[in-house]
Protein chains: 2
Amino acid sequence: MAPTSTDELFCSTLRARGQRVTPQRLAIAAVLRDLHHHATAEELHGLVSARVPGISLPTVYSTLELLEDLGAVRRVVNDGGTALFDARTDEHHHAICRRCGLVVDIEATPDQSQLLDAARTAGFAPDDAQVVVRGVCAACRTVREAETAAA
Amino acid sequence: MAPTSTDELFCSTLRARGQRVTPQRLAIAAVLRDLHHHATAEELHGLVSARVPGISLPTVYSTLELLEDLGAVRRVVNDGGTALFDARTDEHHHAICRRCGLVVDIEATPDQSQLLDAARTAGFAPDDAQVVVRGVCAACRTVREAETAAA
DNA sequence: GTTTTTGCAAATGATTTGCATGGAT
DNA sequence: ATCCATGCAAATCATTTGCAAAAAC
């Protein structure tokens, strides 16, 4: 993969912050950029390992924290307490299944300004507003129906 | 504390489900009802211990799961992965500080029907939509300014 | 050459599980 | 008498931390 202009930006941002440009950081950023979807730290570790053999999980975590600070990644915490890292930075939200933990994107545009204003009223300097819809996914509903029928 | 009509409802719901009415369950339900605010499992355990000495943390967890199933409690997962259990069932949302984990209520009324419809389109049977605003709380902002000034 | 980052191994901390006892029906 | 719920202790699992070696500046 050839370096992209996004790489250039990433590198100069790192240098401006007095931080180092490393193959691990570039690889994680590249994987996220290609992924356009949320993934756990462990999933990302698997994907990045193909490019940087031997990369460690703690490095993945620390780089994700860095990218979150830079606003390149959003974090969604699912019900099991596992964090998902989302490379989609355009407005979208999430639905989480309370039975199996499935997380899917939902496209909706609530009035963000109203939500952010409410947070400011509470003394916050808001970064973003994420809607998390909790419910039961299609697959789990099928399972539950089967269980009910059997009982 | 005298039994309330809410207790009556809770008891009959449990019986209808073939489950037992226990002092632990009644105490946890009562504490949550009086609390009108979110709390961690551990905080609730502390509060309930005053009424039911010796109650165990696993019991608190399992009862919270039960109450969540009944729709009496909502779960909010903060950034550290710690779950907060919220007894407020009226519409309100949350702002979470990404520095210290503080969670505050925010009052705002996004178009819920639009959000829930979007989830249905994704195959979900939605329970509710929670907005989680991520940002930095007032206290942490003060700290950060102090750090920046010092640097 | 100096400072940051990495990888490893171990620690942490919330939550869950297995199992025997006690309690509700 | 039956079956569910509890308490205890141990297990689990994502994430974080301490530290020495390696890499970036």
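The structure displayed is predicted, hence computed values, not measured ones.
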Heavy-atom closest pair, residues B:Ile55 and B:Ser49: CG2-OG, 3.8 Å
Between P of C:dA14 and CG of B:Leu64, the distance in whole Å: 15 Å
Heavy-atom closest contact (A:Arg88 atom, A:Arg74 atom, distance): O-NE, 4.0 Å
Among D:dA14, C:dT6, D:dT6, the one nearest B:Thr22 by side-chain distance: D:dT6
Residue whose closest nucleotide on DNA chain D lies nearer the 5' end, A:Val21 versus B:Arg25: B:Arg25
Heavy-atom closest contact (A:Ser12 atom, A:Leu9 atom, distance): OG-O, 3.0 Å
Protein-nucleotide distance (A:Leu14, atom CG; C:dT6, atom P), rounded to Å: 10 Å
Residue B:Pro23, side-chain heavy atoms: nucleotide from D:dT6, C:dA24, D:dT15 that is nearest: C:dA24
Between C:dT4 (C1') and A:Leu66 (CG): distance, integer Å: 12 Å
5' priority, DNA chain D, between B:Arg20 and B:Leu57 [closest heavy atom]: B:Arg20
Closest approach of A:Pro23 to A:Val52 (non-hydrogen atoms, all atoms of both residues): O-CG2, 4.2 Å
Whichever of B:Phe85 and A:Val60 has its nearest DNA chain C nucleotide further upstream toward 5': A:Val60
Nucleotide of D:dT6, D:dT16, D:dA24 approaching A:Tyr61 most closely (side-chain heavy atoms): D:dT16
Among C:dT25, D:dT17, D:dT15, the nucleotide that comes nearest once only the side chain of A:Pro58 is considered: D:dT17
Nearest-nucleotide pick for B:Gln24, side chain only, options being C:dT5, D:dT6, C:dT15: D:dT6
Among D:dT15, D:dG7, C:dG7, the one nearest A:Ala41 by side-chain distance: D:dT15
Length of the CZ-P vector between B:Arg15 and C:dG23, whole Å: 18 Å
Heavy-atom pair of closest approach, residues A:His94 and A:Ile106: N-CG1, 3.8 Å
Nearest-angstrom distance from the residue atom CD of B:Glu68 to P of C:dT15: 12 Å
Rounded interatomic separation in angstrom, taking CD from B:Glu42 and C1' from C:dG13: 9 Å
Rounded interatomic separation in angstrom, taking CD from A:Glu65 and C1' from D:dT15: 11 Å
Atom pair distance, as rounded to whole Å: CZ in A:Arg17 and P in D:dC25: 15 Å
Nucleotide of D:dT6, D:dA9, D:dT15 approaching A:Thr82 most closely (side-chain heavy atoms): D:dT15
